[in-house]
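Data block below; observations after.
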Amino acid sequence: MKRIFSDYAYSAAPRSGCWWDETIAAPDWPKHQGELKVDVAIIGGGFTGLSAALHLAKEGVSVAVFEANSPGWGASGRNGGFCCLGGSKLSEATLSRRYGAIEAAGYFQAEKDAVSLVADLLARHEIDADRHSRGETQLAHSKRAMARLRQSVASEGQLHEQHELANLGLGGAFFGGYTTPIGFGLNPRKYLFGLANAAQAEGAKLYQHSPVQKICKIAQGFDLHTPTGHVRASNMLTCTNGYSSEDLPQWMAARYMPTQSTAFVTRVLSQDELQAQGWTSDQIAYDTRNLLHYFRLMPDRRFLFGMRGGLMSSPRAETRIRQKALQDFRRLFPAWASIDVTHIWSGMVCLSRALVPFAGPVPDQAGLFAGFAYHGNGVAMGTYCGRALARMVLGQPSELPLPIKQPPTRFPLGRWRRALMPPAYALLALADL
């Protein structure tokens, strides 16, 4: 594999303190060995890959998923558990200028449909994933940010002035907020394994510790090599997102940008401690910063807090970003400054150059499809794109809007493209002041 971060980023170290691992045991998928022939081979056992596998298998398609590590090892098993609107980093105005008003509206409808799809899968397959929150609340980190919120409110949402936050149980260093009724929190690992169980029940084969190391195009489709065997498949899906490789397939090179997100959870908080800070709400929430913070009080009364911003990957860099996350948490929630943090971890989110997700066929390579670049919102958008990829393989309408269907262009600088991020993040941080 040719990945653009150091080996440390793909080791067990960044995720070794992941809280979700404590909440549900990983299923014991077999390791792929020998010869296998299937209609569809899927690289990556996260939300996208398992959603695609489920939707293909229930239509009678033979499908196999190849996870390089253990189930839930990647972003799908270590994210913040926000099933919400998102997937792009572009504003409505920018999307409208780039794609036209109709396609922009179609894209935002897709974000809503993605959340609805996860809710439907939870209900249909009776997945108990600790769902909570009625919609999602964005909290203003400055007076200027609050002024922008007032100008951008939608009719279906609700604006909250600063003096109203206390009564809503949203106590912290914020200047107001806005709640959209769409979205909820969940345990991402429980949801992921629920998808896996549903896919297996329909006949999908799931393999762990089975990295695809080589892909060869053959007349009948693809020949995939794992360390202990090979697979022949008529179609192939690449669903590896921020953990992608430059050469699996070669088309992926420089079309994705991994960047880090760090999260932690506190110990269980007492009612007195919740009251002291004034945060008693079960709402999933995030702030208005470009390099945003995201947080929520979970059903077990632990508080989850996360942030974007990690650009390097090494033991020293990991220590720095974890310290920064703790500092920001204590500044935003000062009554909890001495509360113990029991688990802290990090992982990769994925950007595209156009700052929109992609799901579709790889140009000029019949039978090869890819889905990635959810910009930190993979619970809903990854699930949605996985279903869309399954529909494409089946020859059905994908119902994707144009912004998601357009193949992403390459970032400048190729394998050295990470050099673009420090100045970009510096400008975003200045804009947050």
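As the structure is a computational prediction, the values presented were derived from the model and not from experiment. Residues: numbered from 1 along the sequence shown.
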Taking only Lys NZ, Arg NE, NH1 and NH2, and the carboxylate oxygens of Asp or Glu, determine whether [X] and [Y] approach each other closer than 4.0 Å.
X: Asp21; Y: Arg15; answer: yes
X: Asp130; Y: Lys190; answer: yes
X: Asp113; Y: Arg387; answer: no
X: Arg410; Y: Glu246; answer: no

Using side-chain heavy atoms (C-beta onward) and a distance below 4.5 Å, is [X] in contact with [Y]?
X: Cys239; Y: Phe372; answer: no
X: Thr137; Y: Leu168; answer: no
X: Leu394; Y: Val61; answer: yes
X: Thr266; Y: Asp340; answer: no
X: Val393; Y: Leu56; answer: yes
X: Phe222; Y: Leu368; answer: yes
X: Ser11; Y: Tyr8; answer: yes
X: Phe369; Y: Asn235; answer: yes

Please check if any side-chain donor atom of [X] sits under 3.5 Å from a side-chain acceptor atom of [Y], or the reverse.
X: Tyr191; Y: Thr383; answer: yes
X: Thr179; Y: His160; answer: yes
X: His293; Y: Asp328; answer: yes
X: Glu136; Y: Tyr294; answer: no
X: Tyr374; Y: Thr48; answer: yes
X: Tyr207; Y: Thr226; answer: no
X: Arg97; Y: Thr94; answer: yes
X: Arg308; Y: Ser261; answer: yes
X: Glu103; Y: Tyr107; answer: no
X: Asp28; Y: Gln208; answer: yes
X: Asp39; Y: Ser62; answer: yes
X: Ser210; Y: Glu67; answer: no

Please name the pair of heavy atoms, one in [X] and one in [Y], separated by the smallest distance, quoted to 0.1 Å.
X: Pro71; Y: Pro27; answer: CG-O, 3.5 Å
X: Cys18; Y: Gly77; answer: SG-O, 3.7 Å
X: Gln260; Y: Ser346; answer: NE2-OG, 4.3 Å
X: Val65; Y: Gly49; answer: CG2-O, 4.3 Å
X: Ala359; Y: Leu400; answer: O-CD1, 3.4 Å
X: Asp282; Y: His132; answer: O-ND1, 2.9 Å

Inset, instruction - With ring-ring contact (aromatic ring centres under 6.0 Å, His included) as the test, would you mind laying out the steps for Trp19 and Phe264 before giving the verdict? - result: CA-CA 8 Å; Trp19 164 242; Phe264 63 77; over 10 Å; no

[X] to [Y] six-membered ring, cation-pi geometry met (6.0 Å, 45°):
X: Arg131; Y: Phe184; answer: yes
X: Arg296; Y: Phe305; answer: no
X: Arg3; Y: Tyr243; answer: no

Taking atom [atom1] of [X] and atom [atom2] of [Y], what is their separation to the nearest 0.5 Å?
X: Arg124; Y: Asp120; atom1: CZ; atom2: CG; value: 4.0 Å
X: His125; Y: Leu195; atom1: NE2; atom2: CG; value: 7.5 Å
X: Leu326; Y: Ile339; atom1: CG; atom2: CD1; value: 13.0 Å
X: Ser244; Y: Met1; atom1: OG; atom2: CE; value: 9.5 Å
X: Ile284; Y: Ser133; atom1: CD1; atom2: OG; value: 4.5 Å
X: Tyr178; Y: Leu159; atom1: OH; atom2: CG; value: 8.5 Å

Inset, instruction - Give a yes or no answer on whether the side chain of Ser352 reaches the backbone of Ala373 with a donor-acceptor pair at less than 3.5 Å. - result: no

Legend entry - Phe295/Phe174 aromatic ring centres below 6.0 Å: yes

Inset, instruction - For this output row, return yes or no: ring centroids of Tyr286 and Phe82 closer than 6.0 angstrom. - result: no

Inset, instruction - Determine the interplanar angle of the Phe329 and Phe333 rings, folded into 0 to 90°, and report it as parallel if under 30°, tilted if 30 to 60°, perpendicular if over 60°. - result: tilted

Inset, instruction - Let me see the working for Thr180 and Gln138 under side-chain contact (heavy atoms from CB on, under 4.5 Å), right down to the final yes or no. - result: CA-CA 8 Å; Thr180 177; Gln138 185 178 26; over 6 Å; no

Inset, instruction - Determine, step by step, whether Trp73 and Arg78 satisfy the side-chain contact (heavy atoms from CB on, under 4.5 Å) criterion, reporting the C-alpha distance in whole Å, the side-chain angles of both residues, the deciding distance to 0.1 Å, and the verdict. - result: CA-CA 7 Å; Trp73 185 90; Arg78 63 171 103 172; 3.5 Å; yes

Inset, instruction - Determine whether more than 12 heavy atoms belonging to other residues, nucleotides or ligands lie under 6.0 Å from atom CD of Gln365. - result: yes

Legend entry - Within 6.0 Å of CE in Met312, more than 12 heavy atoms from elsewhere: no

Inset, instruction - Would you check, one step at a time, whether the test side-chain contact (heavy atoms from CB on, under 4.5 Å) holds for Ile24 with Phe193? - result: CA-CA 9 Å; Ile24 183 173; Phe193 295 164; 4.1 Å; yes

Legend entry - Residue of the set Val118, Leu192, Asn241 for which side-chain contact (heavy atoms from CB on, under 4.5 Å) holds with Phe47: Leu192

Legend entry - Derivation of the side-chain contact (heavy atoms from CB on, under 4.5 Å) call for Gln200 and Leu206: CA-CA 7 Å; Gln200 285 180 310; Leu206 311 181; 3.4 Å; yes

